[in-house]
Asker: 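Just dropping this structure here.
Please read these numbers as outputs of a predicted model, since none were measured by experiment.
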2 protein chains.
Amino acid sequence: MSTAPSAPVTADAVASVLDAVDAGLDASLDRLFALLAIPSVSTDPAFHADCVRAAEWLCTELTGLGFEARVHPTTGKPMVLAHYTPEGPAAERPRLLFYGHYDVQPADPLELWETGPFEPRLKEVAPGRRQIVARGAVDDKGQLMTFVEACRAWIATHGALPCPVTVFFEGEEESGSPSLMPFLDSHRDALAADVGLICDTAMWDRDTPAITVMLRGLVGEEVTVQAADRDLHSGVFGNAARNPNHVLGRIVGDLFDDQGRVQVPGFYDGVEDAPGEIREQWAALDFDPAAFLGTVDLSVPAGEADRSVLEQVWSRPTAEVNGMIGGYTGDGFKTVIPAEARAKISFRLVAGQDPEAVRAGFRRFVRERLPADCTARFDEHGGSPATVVDIANPFLTTARAQLTAEFEREAVLIGSGGSIPIAGAFKDVLGIDSLLIGFGLDDDRMHSPNEKYELSSFHHGTRFWARFLAANAG
Amino acid sequence: MSTAPSAPVTADAVASVLDAVDAGLDASLDRLFALLAIPSVSTDPAFHADCVRAAEWLCTELTGLGFEARVHPTTGKPMVLAHYTPEGPAAERPRLLFYGHYDVQPADPLELWETGPFEPRLKEVAPGRRQIVARGAVDDKGQLMTFVEACRAWIATHGALPCPVTVFFEGEEESGSPSLMPFLDSHRDALAADVGLICDTAMWDRDTPAITVMLRGLVGEEVTVQAADRDLHSGVFGNAARNPNHVLGRIVGDLFDDQGRVQVPGFYDGVEDAPGEIREQWAALDFDPAAFLGTVDLSVPAGEADRSVLEQVWSRPTAEVNGMIGGYTGDGFKTVIPAEARAKISFRLVAGQDPEAVRAGFRRFVRERLPADCTARFDEHGGSPATVVDIANPFLTTARAQLTAEFEREAVLIGSGGSIPIAGAFKDVLGIDSLLIGFGLDDDRMHSPNEKYELSSFHHGTRFWARFLAANAG
């Protein structure tokens, strides 16, 4: 391979790569379409061979770029692991670990797709606005290909990448990633890097990029309150026999005060607000809480009364009762006192909270509310701490600068809606922070029929990574 | 028919009837067994013809005794209505309306029966203690036949009954009695009487008879709390979106204070304690709350802290959450904020409470606890007031005296475990009070396999009714 440009990379060197991205866009789309045409649905065994085919396709592409790439079989879907080490000083730059997933959601209901989910096409929805339509367009093939194509443009223009890069693709993200943790554990050395890059998120809006800098942790608890050893007839025992529905109702009712604060003692210990810079940025956003809630026919925020909606959703911890059941719930009526009632409760954690302390605090809270004759059984459903990227992290600083350069607008630093386990896994197992930078939009219909990815997202995303590679080079 | 003994009936006249009951016990059992052998299961259409057969069997028996008896078809199961009017002064005595039901519960699970559910037999469980084992033995064929056989003994001994009697049997008690109210409504004249007699309850214990003098009313309410217009992902909306599980939990948790008192304003308006005489009797009973609760692995009464367990179960009003559900309740976890949560709540009423006032009070209570964005939908599931027999009722006085005569022990005046709609129906439609006097025992395995009725219950029960008929004659 040729020698990479000497660090720091000149503006001209970057500009040539960006020109190559622009010139090669159609060919990039052709390659993306080839990947999109492979129905790599991981949840359905009928598509196992297609998943393997998608992994091999990516391996072949990366090998063609000069990566040392391998497909690693697992008991589930194979991993793709590829390494690129440039020669010369570039080899000393921080190594980037880029993650994506090649598996996609099932396509059904098929009848709601305008065109075949695995027949990718470019659709012009308005003058100058085109979208890539296929299952996987945004989640995650379009996104992961922005990085691959940025690497391609670098290598085509300068013969080499300007820094070390590892590319890691899994094929089970849509099906719970059962093979992920064991693989990370047994391939720590092969996955060693200085920072993770995860391209699986969205922009703030079509013109404004975003970096997800905080992911709330999650503690799941199922509590079952038990009293009598069997369901009872409420005529015979009513009033005298303890009713677990009442006990559970009291527990749930006590969880919050009227100001929306969680009442589990110690819950907020160690919790700090998001950094002032971030909160100011959020306050300045054109975010309309009423419109946000209005999309689901709500109007008044239900969280902590002294926090903004964005803080409530992104940077404050909370508890949610996701499910609750006790007694007879079918049609009609049955005058029964149930033997038990249960609730599934999830706690979203922020930095500073320890999942096991939160779990212990909740269990104490419940036990204090158990009257005589009642016992509680607890079943845990996972516990993971929050993941936070320090606002002073140099890679974050680099990314912000390059996003501004590409989009001519400051990136918004946001919290995450869903949980993104790979970021926590990289932190826990590999000890590295991750930047979550993606170019999806809220209306991409992810997981739905007619999933799309803006062509502008694919284009700008590729250009951004090209800039980022350069900036990481020095 | 012969002339009945002139009122008042002499002790000797009664004694001869009792002798006839004793002498005819085996033949009475044969007749009861014939009725028990008919599988008159009302909930299963496959047994419709057997239900009709049972009705006709009873009609034939009553006709043979001298009643004017008819089977009345309905859109469901037929009613049996039979009238006996003696000649002479006996015709002026109060008319007794005896109620029973000839339909029985389904027998399954069949494999748990020691012998066929419709192959009645006499089982000796201890020296001198024998039980009638069959489906319907206690509920209700054995019980209703105590009255029929008492009438038979009277007529066999003296040629006539000593007072007017109407016998009314339905065939849908185990399946919600859909034909009952329309039939009562359209046969008020045919059912006119001075008091109802309902033989479908239990004794206090094997040696102690009981009369049920209070039946709590029932108000059923299903409340559905709704917030967003769809289930929400708690990562995206959590903390900001109202969660109906939390709102419902608060409502349920607020229903009672720590002393077990219902917190719906006005709930206890008009509620009075049971008469002092009754409460004293209950306090003197050999009732062990711990043993009662211990049968279902409980130990501490959950009701109003300043009332005894018997008062809690029989004479105090209450609320019970019979069912509660909201969100994801299947296996595993799903981080969802449900669009709605609902609860089925039943209120047991005592004398002085108006069902519609209780319903209105509860709805007000709920609405006061609905935050912004939440609505509540209410579905009613029935409302009936309490039924109470005035302790000064002369028929009650008569029954108490005759139970003491037969059992050589005072009858306990008790409240009811389950709801017995016929008593309220007789009051509402016919304007008469009813005495609920039965000879079942708590261990009869009603509604279960190997249902039984003590032979001593059948025997003493028949003798009691013979005495009661006499006492009613003057």
Asker: What's the shortest heavy-atom distance between B:Ala228 and A:Leu298, and which atoms?
Answerer: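 So the two residues come closest at N-CD2, 3.4 Å.
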Asker: What part of B:Gln226 lies closer than 4.5 angstrom to a heavy atom of chain A: side chain, backbone, both or neither?
Answerer: neither
Asker: Between A:Asn322 and B:Thr335, does a side-chain hydrogen bond (donor to acceptor under 3.5 Å, both in side chains) hold up when you go through it step by step?
Answerer: CA-CA 6 Å; A:Asn322 304 121; B:Thr335 48; 5.9 Å; no
Asker: When heavy-atom pairs shorter than 4.5 Å are enumerated against chain B, which of A:Asp254, A:Val309, A:Ile325, A:Val252 gives the highest number?
Answerer: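 Max contact count across the listed options: A:Ile325.
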Asker: Report yes or no: does A:His246 contribute a side-chain atom to a donor-acceptor pair with the main-chain N or O of B:Glu320 at less than 3.5 Å?
Answerer: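 Checked: no pair found.
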Asker: Is there a side-chain contact between B:Val296 and A:Arg230, using heavy atoms and a 4.5 Å cut-off?
Answerer: yes
Asker: If I measure from the heavy atoms of chain A, does B:Pro317 come under 4.5 Å with its side chain, its backbone, both, or neither?
Answerer: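 Backbone only.
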Asker: If I measure from the heavy atoms of chain A, does B:Ala343 come under 4.5 Å with its side chain, its backbone, both, or neither?
Answerer: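 Looking at B:Ala343, nothing touches chain A.
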Asker: Side chain, backbone, both or neither: which part of B:Pro371 has an atom under 4.5 Å from a heavy atom of chain A?
Answerer: neither
Asker: Checking A:Lys344 against chain B: side chain, backbone, both or neither under 4.5 Å from a heavy atom?
Answerer: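 A:Lys344 touches chain B through backbone and side-chain heavy atoms alike.
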Asker: State, to 0.1 Å, how close B:Ala372 and A:Val300 come at their nearest heavy-atom pair, and which atoms those are.
Answerer: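 Heavy atoms only, the tightest pair is CB-CG2, 3.6 Å.
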Asker: Hey, which of A:Val321, A:Asp297, A:Thr318 has the most heavy atom pairs under 4.5 Å with chain B?
Answerer: A:Val321
Asker: Can any side-chain N or O of A:Arg342 pair as donor or acceptor with the backbone N or O of B:Thr329 at less than 3.5 Å?
Answerer: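 At least one qualifying donor-acceptor pair exists.
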Asker: Could you look at B:Ile251 and say if it's the side chain, the backbone, both or neither that has a heavy atom under 4.5 Å from chain A?
Answerer: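 Neither part.
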Asker: How about A:Leu255 and B:Arg250: do any of their side-chain heavy atoms sit closer than 4.5 Å?
Answerer: no
Asker: What is the minimum heavy-atom distance between A:Val313 and B:Ala240, and which atoms define it?
Answerer: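 Smallest interatomic distance, heavy atoms only, reads CG2-CB, 3.7 Å.
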